[in-house]
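Just the heavy atoms: all of them, side chains too, but no hydrogens, waters or symmetry mates, feed the values below. First the proteins, then the strands, lettered A, B, ... as listed; each starts at 1.
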Amino acid sequence: MLKDETIRDWLSLRLKRSLDILCQKEGVRLSNYSIRIDYPPNFSLGQYASPLAMQLSRFFDKKPQELAHGLVQTLRDDDELMPYVEKIELAPPAFINFTLKSNIASAIFPHHSNGLEEYLKRLMRPRGKIIVEFVSANPTGPLNIVSARAAAFGDSLCRILAVAGYQVYREYYVNDYGNQVYWLGISLAYRYAEALGLGLPLPENAYQGEYLKDIVKKISAELKLPEFPKEEKAFFEWACEHAMAFALPAMQYIVANQRQDLKDFRVEFDNFFYESSLHPQAVNETFQFLKANGQVYEKDGAWFLLSSEKGDDKDRVVIRSDGRPTYFLADIAYHRKKIERGFDKILNLWGPDHHGYIARMRSALSALGFLQDNPERFSVLIVQQVNLIEGGKTVVMSKRLGKFQTMRDLLNRIPVDVCRYFFVMRGASNHLDFDLELATTQSERNPVYYIQYAHARIHSIFRQAGLNFDEFPIDFRGKESYLEGHFRKELLFYVLRLAEEIQDIARNYELQSLAVWLYETAHYFSQFYSLKQENNVLGLYREKPQEGEALLSLIKLVALALEKGLFLLGISAPRAMHREDEIP
RNA sequence: GCGCCAGUAGCUCAGCUGGAUAGAGCAACAGCCUUCUAAGCUGUGGGUCAGAAGUUCGAAUCUUCUCUGGCGCGCCA
């Protein structure tokens, strides 16, 4: 039924029916095909189009045009379809183009509807439980710009997955175990001594960052440590001995700070999962499990996973020859936990330096039996690096030079709304150039404000009409004819695509298309709005109430869709905006 | 050496389960405020889709090769 499907899916079903009828009539059996409904290049060709006849003509032993003609004839006998169709046309080479009537809006919003939310709920399908792991930065310092991008991308994706019907679980994996923790502790010990007057050079492997000084200040009051030796070699031994005493409270402090930065970025997690909680028990159990299933073998005193049999380049070490488990084994144990926790899908967002790790992890999940029936249950998105651009040049990220380095630095300068939009306007796997000038000084040309502005304008119209936006009913019944012409119909149908955007993104994770949809929707509205005579909503509402109400319903729908789209990207939708006065 | 990602307008990028004349923003130029916010709208110019070959009704999209750029290839995490 039309009201329970997106328009695209509904058309696809109608086309399927016609195809079935035709197949039966002609005794044709089809195999391996899908019914595709696309958008034509522009609205003058209709709102939807299908290349089906060109794909299937070979099965019918006909020219594509003939098949298309047959399909169109059958479609025209479809009583469920035709009430909403203005015309179905053939276009060369053999496209079937659908031009729908505006009365479709009354079918979708049947009665004094509270609008879009209700429609999107009707379209929701149960899609199972998904765990999305993202950001997962090391607990050794503040979050950087790539983490910010991962946070924006991951959180927005989660919001969309949830609207599409997934039960979404957001998780942050904290690597609070192993060498790097040890070295964090040693580094802090040196900074601690430095604060008390002992200026020794930092060891080569130590973290050099200045921020460690601040952390030492925060945690040193709680530390109860013996006197440290002043001599270099003895001090190093002392630092090693007490490394964990420094590292543990420091990590607590660092993670708390990361969490706060993320919260200020409107990103919150359901869980922070600590790697240390896997040691030793879960790690050992996982190793025993792999061993019992013949997935590992011993060589040169170490244990290897048979990952090369599952698509990896080579076998990977899981237990070193000295008996210690590798990071990889802990990660396998972590993913085994995810499986045990009952998730249908596992999605990870990783940094740019991890793509070599994907095949390895996939082979591990395969060894755990997670991918047997469906390889798509596990996927990894790589969030690529971010270049900050200022004055047409790449900003070198160097704290020493007082330049941008952390997520906090970015947030201090650029509004959250702008950051979040900029971070998702490109595909995750592409390098992103973040233009600081476009984000700040040229704010009037900023796409985020352009979208928000269109939204605010609609609310302004309601205010001036003396109407309560939230209570105004979306109701096109009997007024559908007013949706013809003057960019009205284009606006309507473009807005309705939001539901299809959500569907697509839940499948392909291509978030940038929502950013484009938002911009285009604002643009369609601006075009509508700039026809100041034909689409003067206020004037029409006073003089021709029927038409005025139709347009108010339309623009309320636009505002709700913009608000929803912005929400899905974690961006606010202000109801009023005012430009600061420019110099005359 | 092997692998992954990319190369589209002056700049930044969309478009990629093959489809209709390859789109947008920025930059440039020219118009539009007596009318719901000009943070706006309209128009103009700008392209051998890195190159070559192939697959077919049809290729920016798929395959192969070449060139260029970024990143990965630890018994680190």
Side-chain angles (χ1 to χ4, degrees), chain A residues 34 36 38 40-42 45 49-51 54-55 57-58 63-64 91-95 97 138 140 175 177-181 183 205 275 299-304 313-314 316-328 330-331 351-359 382 384-385 387 389 392 425-427 429-435 437-438 442-454 456-458 460-465 507-508 510 512-513 515-516 519-520 522-523 525-533 535-541 551 555 576-580 582:
Chain A
S34 63
R36 264 180 48 205
D38 298 335
N42 58 63
L45 296 167
S50 180
M54 291 178 280
Q55 292 169 318
S57 59
R58 60 199 165 91
K63 285 184 178 170
F95 288 101
N97 289 347
N138 289 332
T140 53
N175 299 133
Y177 187 89
N179 267 336
Q180 59 180 6
V181 174
W183 278 105
N205 286 339
E275 182 189 349
K299 186 186 151 199
D300 304 332
W303 285 86
F304 288 75
D313 302 343
K314 54 180 176 183
R316 306 288 175 174
V317 175
V318 290
I319 305 259
R320 301 177 180 93
S321 46
D322 65 5
R324 286 153 56 229
T326 59
Y327 171 84
F328 181 42
D331 218 0
D353 49 344
H354 280 70
H355 62 68
Y357 198 73
I358 297 174
I382 294 296
Q384 267 295 353
Q385 72 182 68
N387 296 316
I389 307 291
M425 64 196 276
R426 306 282 175 248
S429 65
N430 291 352
H431 290 234
L432 176 73
D433 283 332
F434 193 115
D435 189 331
E437 282 166 348
L438 186 62
Q442 299 184 346
S443 63
E444 69 277 2
R445 293 191 202 93
N446 188 308
V448 183
Y449 298 133
Y450 179 75
I451 296 161
Q452 290 178 326
Y453 182 60
R457 268 182 163 170
I458 294 170
S460 170
I461 293 171
F462 275 83
R463 279 195 297 275
Q464 293 190 41
R507 200 185 61 249
N508 63 22
E510 303 280 342
Q512 69 277 16
S513 69
V516 172
Y519 188 87
E520 286 297 318
H523 183 60
F525 174 75
S526 296
Q527 286 181 313
F528 163 92
Y529 181 87
S530 63
L531 294 177
K532 299 214 167 195
Q533 283 160 22
N535 291 332
N536 187 322
V537 180
L538 274 182
L540 287 167
Y541 180 59
L551 292 192
I555 64 174
M577 291 172 80
H578 293 284
R579 186 173 51 155
E580 288 161 31
E582 287 173 354

Watson-Crick or G-U stems involving RNA chain B, each at least 3 pairs long, distances under 3.5 Å, ordered by first number: B:1-7 with B:67-73, B:10-13 with B:23-26, B:28-32 with B:40-44, B:50-54 with B:62-66
With sequence neighbours excluded, residues passing side-chain hydrogen bond (donor to acceptor under 3.5 Å, both in side chains) with S530(A): none
Qualifying residues under ring-ring contact (aromatic ring centres under 6.0 Å, His included), relative to Y519(A), sequence neighbours excluded: Y450(A)
Nearest-angstrom distance from the residue atom CG of N536(A) to C1' of rC33(B): 14 Å
Qualifying residue for side-chain contact (heavy atoms from CB on, under 4.5 Å) with Y529(A), from I458(A), N535(A), I461(A): I461(A)
Ring geometry between Y357(A) and F328(A) (parallel below 30°, tilted from 30 to 60°, perpendicular above 60°): perpendicular
Would you tabulate the nitrogen or oxygen pairs shorter than 3.5 Å linking the protein to nucleotides 74-77 of chain B?
{"residue": "rC75(B)", "atom": "O2", "partner": "S321(A)", "partner atom": "N", "Å": "3.0"}
{"residue": "rC75(B)", "atom": "O2", "partner": "S321(A)", "partner atom": "OG", "Å": "3.0"}
{"residue": "rC75(B)", "atom": "N3", "partner": "S321(A)", "partner atom": "OG", "Å": "3.0"}
{"residue": "rC76(B)", "atom": "OP2", "partner": "R320(A)", "partner atom": "NE", "Å": "3.1"}
{"residue": "rC76(B)", "atom": "O3'", "partner": "R320(A)", "partner atom": "NH2", "Å": "3.2"}
{"residue": "rA77(B)", "atom": "OP1", "partner": "R320(A)", "partner atom": "NH2", "Å": "2.4"}
{"residue": "rA77(B)", "atom": "OP2", "partner": "R320(A)", "partner atom": "NH2", "Å": "2.7"}
{"residue": "rA77(B)", "atom": "OP2", "partner": "Y327(A)", "partner atom": "N", "Å": "3.3"}
{"residue": "rA77(B)", "atom": "O3'", "partner": "Y177(A)", "partner atom": "O", "Å": "3.0"}
{"residue": "rA77(B)", "atom": "O2'", "partner": "Q180(A)", "partner atom": "OE1", "Å": "3.1"}
{"residue": "rA77(B)", "atom": "O2'", "partner": "Q180(A)", "partner atom": "NE2", "Å": "2.8"}

Using a cut-off of under 3.5 Å, enumerate the N/O to N/O pairs linking the protein to nucleotides 9-12 of chain B.
{"residue": "rU12(B)", "atom": "O3'", "partner": "D433(A)", "partner atom": "OD2", "Å": "2.9"}

Rounded distance in Å between the C1' positions of rU56(B) and rC4(B): 30 Å
Nearest-angstrom distance, P atom, rG15(B) to rU34(B): 41 Å
Value in whole Å for how far the P atom of rG7(B) lies from CD of Q384(A): 13 Å
Pair Q180(A), N138(A): side-chain N/O donor-acceptor within cut-off below 3.5 Å: yes
Near-parallel close stack of F95(A) and rG19(B) base (under 5.5 Å, under 30°): no
Sugar-phosphate only, base, or nothing, as touched by N42(A) at under 4.0 Å among non-hydrogen atoms: base
Per-nucleotide protein contact string for nucleotides 55-63 of chain B (B base, S sugar-phosphate only, - none; heavy atom under 4.0 Å): --B------
